[in-house]
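Lettering follows sequence order; numbering is per chain, from 1. Just so you know, these numbers use all the heavy atoms, side chains as well, and skip hydrogens, waters and symmetry mates.
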Amino acid sequence: MFVLILPDGSRKEVAEGTTAFMVAEEISHRLAKEAICAKLDGQLIDINEPLKSGGQFEVITSKSPEALEVIRHSASHIMAQAIKRLYPQAKFAIGPAIKDGFYYDIDLPEKLSEKDLEAIEAEMKKIVSENLPFERRELLQDNALAYFAAKEEQYKVELIEELEGTVSLYKQGEFEDLCRGPHLPSTGSLKAFKLLSLAGAYWRGDSKRPMLQRIYGTAFADKDSLKEYLRLLEEAAKRDHRKIGKELDLYSVRDEGPGFPFFHPKGMVLRNTLEDFWRKIHRKAGYEEIKTPIILNEQLWHNSGHWDKYRENMYFTVIDDNNYAVKPMNCPGAMLLYGRQLVSYRDLPLRYGELGLVHRHELSGTLHGLMRVRCFTQDDAHIFMTPDQIEAEISGVIDMIDYVYRQVFGFNYHVELSTKPERSLGSEEIWETATNALRGALNHKGVDYKVNEGDGAFYGPKIDFHLQDCLGRTWQCGTIQLDFLMPERFHLNYIGEDGEKHTPVVVHRVVFGSIERFIAILTEHFAGAFPTWLSPVQVEIIPVSDSHKEMAEKLRAELEDNDIRTHIDARDEKLGYRIRAAQMEKVPYMLVIGDKEVESGNISVRSRTAGDLGTMTREDFIAGLVKENRTMSQECVFKK
RNA sequence: GCCGACGUAGCUCAGCAGGUAGAGCAACGCAUUCGUAAUGCGUGGGCCACCGGUUCAAUUCCGGUCGUCGGCUCCA
């Protein structure tokens, strides 16, 4: 006999050999019916496995957060079984549950195509209807090795070789696979799944190992959740910034410059507005703006350590027989500018901001619209300071990022702290001091954060900010990196209170991250319907017919005088046609100018969100828009 | 870079068992002067990504290159 402690705190004595299912059945019949697996002392276990000891006990149903992982993992096994039935020569690698579904990597002589997914999915449905129980058994490592070797499953053999002691296997019907488990009680418990895509993937993610075929799929506890997920995928496709960028004529990437984006006139308005905003908040926060060259002597990059650690991502060129490099980061330029003069401790902190265009050679296969490019503009800044200013400065940057993300754009975000990577410069002590400084700032501000061991930059640890868009996707944008090394390598100093030279500490930081990528994120987040203050055209003026063009022109001048961006659509088309065109271009406001307006001097206003707002005076409209621009509002200021 | 799919008009896409191409939208012209999401008629527009091969003939078949897309890897 041993004792289980249930989630409500009550204790239950059970006999050895009792299964989790039997316990669930005793609690309630319904619970047993909905049970997917169970949890004992934090460990997920199969529902039909005899319990071996007591502890904290919980029945996992489809409503539990842990359920999805089990459902998806079982789905991947069922997919493997279906594949094995259709392709007996298939060899299996790994098939885990992942964030939005599952995949299985398969070694198969024939190339699968999207069409084959349908057949596999159909076979899976058959397996589900066969309702085969998942049966667990344990084997000693040697026996398991022999078992999989006999089946010529060389990938499984390799996996087992790295395990120790006994390994567990799961069997459903004729198919048995190496697996830690747990699984659904039977294949019939899989209620909603879909195969999504096909891709190549290296065995163990190593480009020197064989390329396997990976099938991605997803599974949910019920059909509605699956439908909702598929809807989200569709919505994401509709919002794809590459599509919207083309449709709204904002930006594009052309074959002539893979990874080097073009900004069209309208995209440039958006970009400049964002940069103006950036300059404004940085001036206010005590930053000075600099611009450092894009091409600098290669020697500089040897000094900075980039050549050692980052060479394979850099572009090089020769000028007058001397070697030069195109900058992949802005820091060395900023270091040079700091070093141009004698600095007193009274001058610190010195905050140099730079909208710096950097170039990085990224693998061709990774390029993706504005999200992943080969040149981009960092909204960079380097803050030079004394060690005792670190916390206040980091705190200031955290405040700025919070203001921009949360207050201006309304994004939620989370924070991660990354520590010393394998390829790094500097001593353990320096890294520890730097990491503790970042940790201290976060703790004192009461910011929640997650730690990523080994994910820091080569010159220092960092704090990353991941914002969440309206589809729940997260994007790493802002980052704060502490650096004790670069100032030393560039022999930077300041004269302290004691009259001696000291080495300053540097913080590298970005708020948007990459302007290009931030614009892509905004495009997808707003689906192209940017808040008025960012919209390339804010007001479309539509004269009903030729006789109203004059008032349209006058109105346009009046709006432009108030820094409102306008466009007149005087095309020889019907009103409805031009309204529709403006609507599809996601222009926030449309003004219809006809006889009534010419007569009264008032204007009739249509908003892209609320539709016809009726007439108002020019003054009221202008005052409203000026306010909307100034407050960077995401809502239409006019009430219907 | 690697695996797979793809590349046809400004855009979205048809088409071709090999005989140098078509639609809708957009553009342009004419008529229309219009009140809140598409007026009608007409016209122009393509080295069918690029380079080679097979063939009497290639946009179509084959090979290569470049690019795009989905992944792997990497990352702002």
Do the non-hydrogen side-chain atoms of [X] and [Y] ever get within less than 4.5 Å of each other?
X	Y	value
Phe376(A)	Leu370(A)	no
Leu417(A)	Lys450(A)	no
Arg565(A)	Pro536(A)	no
His525(A)	Trp475(A)	no

To the nearest angstrom, how far is [X] atom [atom1] from [N] atom [atom2]?
X	N	atom1	atom2	answer
Ile603(A)	rG35(B)	CD1	C1'	15 Å
Tyr310(A)	rA76(B)	OH	P	7 Å
Arg360(A)	rC74(B)	CZ	P	16 Å

Would you indicate, yes or no, if [N] has its OP1 or OP2 atom less than 4.0 angstrom from a side-chain nitrogen or oxygen of [X]?
X	N	value
Tyr589(A)	rU36(B)	no
Arg571(A)	rA27(B)	yes
Arg606(A)	rA37(B)	yes

>> Restricting to non-hydrogen atoms, name the atom on Val397(A) and the atom on Tyr287(A) that form the minimum distance, rounded to 0.1 Å.
In response: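 It is CG2-OH, 3.8 Å.
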> Quick one: OG1 on Thr532(A) to CZ on Arg608(A), what's the gap to the nearest 0.5 Å?
Replying inline: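 Spacing of OG1 (Thr532(A)) from CZ (Arg608(A)) equals 5.5 Å.
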Base, sugar-phosphate, or nothing: which does [X] touch, judged by heavy atoms less than 4.0 Å apart?
X	result
Glu362(A)	base
Met371(A)	base
Asn313(A)	nothing
Gln378(A)	nothing
Gln481(A)	nothing
Val373(A)	base
Glu573(A)	base
Lys549(A)	nothing

[atom1] atoms of [N] and [M], separation to the nearest Å:
N	M	atom1	value
rC62(B)	rU54(B)	P	16 Å
rA23(B)	rA31(B)	C1'	25 Å
rC47(B)	rU8(B)	C1'	12 Å
rA5(B)	rG42(B)	C1'	41 Å
rC66(B)	rG15(B)	C1'	25 Å

Aromatic rings [X] and [Y]: how do their planes relate, parallel, tilted or perpendicular, breaks at 30° and 60°?
X	Y	result
Tyr405(A)	Phe411(A)	perpendicular
Phe621(A)	Phe638(A)	parallel
Phe263(A)	Tyr251(A)	tilted

> Ignoring hydrogens and geometry, is there a side-chain-to-backbone donor-acceptor pair from His241(A) to Gly369(A) under 3.5 Å?
Replying inline: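 Checked: no pair found.
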> Which residue, His548(A) or Cys375(A), contacts RNA chain B at a nucleotide closer to its 5' end, judged by nearest heavy atom?
Replying inline: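 Nearest nucleotide further toward 5': that of His548(A).
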> Would you say the base of rU33(B) and the side-chain of Ser547(A) have a donor-acceptor pair closer than 3.5 Å?
Replying inline: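 Under the 3.5 Å cut-off, the side chain and the base do not form any donor-acceptor pair.
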>> Should Tyr577(A) be counted as stacked on rA37(B), where stacking needs a ring-centre gap under 5.5 Å and an angle between planes under 30 degrees?
In response: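 No, the aromatic ring of Tyr577(A) does not stack with the base.
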> Is Arg214(A) close enough and on-axis enough to Tyr103(A), meaning under 6.0 Å and within 45°, for cation-pi?
Replying inline: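 Judged by the rule (NZ or CZ under 6.0 Å from the ring centre, within 45° of its axis), Arg214(A) counts as positioned above Tyr103(A).
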> Taking Glu354(A) as the fixed residue, which of Arg279(A), Lys327(A), Lys291(A) is the one that meets the salt bridge (Lys or Arg N to Asp or Glu O under 4.0 Å) rule?
Replying inline: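 Of the listed options, the one satisfying the test is Lys327(A).
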Heteroatom pairs (N/O) under 3.5 angstrom, protein to nucleotides 8-13 of chain B:
unit_1	atom_1	unit_2	atom_2	d
rU12(B)	OP1	Lys246(A)	NZ	3.1

> In dot-bracket form, how is RNA chain B paired, counting a Watson-Crick or G-U wobble pair only if both its distances are under 3.5 Å and using | for bases paired to another strand?
Replying inline: (((((((..((((.....[..)))).(((((.......))))).....(((((..]....))))))))))))....
> Charged N to carboxylate O under 4.0 angstrom, Lys238(A) versus Glu235(A)?
Replying inline: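 Yes, this pair counts.
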> Once each nucleotide of nucleotides 68-73 of chain B is scored for protein heavy atoms under 4.0 Å, what B/S/- sequence comes out, 5' to 3'?
Replying inline: SSBBBB
